[in-house]
Each structure stands twice: as C-alpha cells, then as structure tokens.
2 protein chains.
Amino acid sequence: MVQFVHPARQDITLAGVLAALADPVRLQIIQGLLTEPACMSCTAASPCDIPKSTLSNHFRVLREAGLIHTTKKGVEHRNVVREADINARFPGLLKAILKHAGE
Amino acid sequence: MVQFVHPARQDITLAGVLAALADPVRLQIIQGLLTEPACMSCTAASPCDIPKSTLSNHFRVLREAGLIHTTKKGVEHRNVVREADINARFPGLLKAILKHAGE
DNA sequence: TTCAATAGTCCCATATTTCCGAACTACCGA
DNA sequence: TCGGTAGTTCGGAAATATGGGACTATTGAA
C-alpha cells in the first residue's frame, strides 16, 4: 500500500516551493492542474513524452514540497494544487510565479 | 582576464530565476545585496562559513540567471541585484518571493 | 620595483541528485 | 482469474553541486 507524504501547512518552506517550481516540467504540471479541476498524473500532465518513472518522481517532489495533494481514486491518482495552503503561507507567491509561467 | 556573462533582459527565464533562488544561501545573498546598496561577494554575503569556491559558484549561478550584475572594482567584485530587469520581465515576482525570504 | 596580502576564479575529485528503463504493485473490468 | 492500465520502486548511468588547493589580478607597503 502506497502512503503519501504531505507536509503540514506550516512545514512548507519557501526554498522547497521554489525548488519544486524551478523545473519547467513541474511548472507545466502545476499549470495543468490549475486549469483542470482534478487531474491524474500521467495522462493529464503536460509533456507526454516523459517516462512514467520520471513523471512519478516529479509528482513526488511537488507533493513533498507541499504544492499538491494526492489521493488514490481507484487505479489512478487525483492531484490537486494546495492553493489555500500555499496562499496562506506565502500570500501572492503562487500567483506571481504562475502569471509568467507560459513564456 | 575574467569576463562575466550577463544574460540580456529578454533571455532571463522564469525557471532560471526560480532555480537560482531555490537555494537558501543564494536567497540570503540576494537579500543581503538588497539591503546593502553595493556588495562584495565573500565578505558581505551572508553565511561566512561557506568556502570561497562554493560562494563563487553561487554568485556565478545568480549572475547567469540574470539576477545580479557583477563588475570588477579593483580587487573585489561589486554585485548589484538587477531589480529593474527582473521587475520588467516578471513584475511582482521578486517582491513576492523576497517578502517571505526570512522565515 | 618587489613582496605580501586579499578577493575571487578555475580545476578536479568526491558527493549528491536526477533521469529513465525495467520490474513490481494495485485496482478494475471482462 | 486474466489482462490492461496507472503509478511506484529499484538500480545504474548521467548530470550537477560541493569544497580543497592552486592560480590570477590588484593593491598597498617596504
């Protein structure tokens, strides 16, 4: 049984969030998750020419940075951006970053 | 003769900026540079227990990401945060990040 | 001019991290 | 129970970061 690690709101660090978003693939994933209300990893996540194991790793990084919340839903995983937590912890940060993400 | 590489404003990328700021040491450096109007690397840069070569590398990363501008001033190097360029390229980003940097 | 000191870079060996193929687990439907 | 799909884990190769030591450039003093 896979158990996911989600840091508590107060354990989310700025350096962690920045490191997680410093990768173009992960930036795209977050963007994709914000347009789709609830996404599964592999298929809905942007660049589909990326190996599954690499993608799984990217999702783990995002999860451990506190950026997304993952729940098992049958055979797939539903990922949601923890907007409320990030905005509570670092107001304005997420919006400021994502505003420029598609360049 | 050491020649510094400074990307043009339009070549500054979001992922590059985020990656550069994702390191606590570099975040501290930028913060230090913004309080001091013009800083030399080694001495004024925050954690002084960091080896020179590592520090020099951090400054190179910040420089190549377009976050700072370095000029030779005699024996030392003057580093200035390229606030105008960053703000023109990604308005609000730098402020949003640095607002939470000291946590 | 020459010597010593200082700021910083460059080189290179080690340590850490990332990437990705392959094997594995979990769940669902036929 | 079997096969397919979604995703994780493992392990080795590739890329990157760290830091010690040698090197360069500049300045100031003897």
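Just so we're on the same page: letters track the sequence lines, and every chain starts at 1.
If you measure from atom CG of L62(B) to atom P of dA17(D), you get 12 Å, rounded to the nearest angstrom. Summarising the geometry, the separation between NZ on K73(A) and P on dC28(C) is reported as 11 Å, rounded to the nearest angstrom. Residue K52(A) contributes atom NZ, which lies 14 Å from atom P of dG4(D) at whole-angstrom precision. Taking atom CG of D49(B) as the reference point, atom C1' of dT18(D) lies 14 Å away to the nearest angstrom. For the pair L55(B) CG and dG19(D) C1', the interatomic distance rounds to 12 Å; values are reported in whole Å.
Axis angle, first five pairs versus last five pairs of the helix from dT1(C)-dA30(D) to dA30(C)-dT1(D): 10°, rounded to 10°.
The ring of F4(A) has its center closer than 6.0 angstrom to the ring center of H77(A).
Residue whose closest nucleotide on DNA chain C sits further toward the 5' end, between V75(B) and S56(B): V75(B).
Between R78(B) and the phosphate of dG8(C), there is no side-chain N or O to OP1/OP2 separation shorter than 4.0 Å. Residue H77(B) places at least one side-chain N or O under 4.0 Å from the OP1 or OP2 atom of dT9(C).
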Any N/O pairs under 3.5 Å between the protein and nucleotides 16-20 of chain C? List them or say none.
unit_1	atom_1	unit_2	atom_2	d
dC20(C)	OP2	T54(A)	OG1	3.4

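Partners of A22(A) by side-chain contact (heavy atoms from CB on, under 4.5 Å), not counting sequence neighbours, listed by chain and number: L18(B), A19(B). Take D85(B) and apply the side-chain hydrogen bond (donor to acceptor under 3.5 Å, both in side chains) test, not counting sequence neighbours, and it matches R9(B), R82(B).
Every pair passing side-chain hydrogen bond (donor to acceptor under 3.5 Å, both in side chains) that includes a residue from residues 54-66 of chain A is listed here, sequence neighbours excluded: R26(A)-H58(A), N57(A)-R60(A), R60(A)-E64(A), R63(A)-T70(A).
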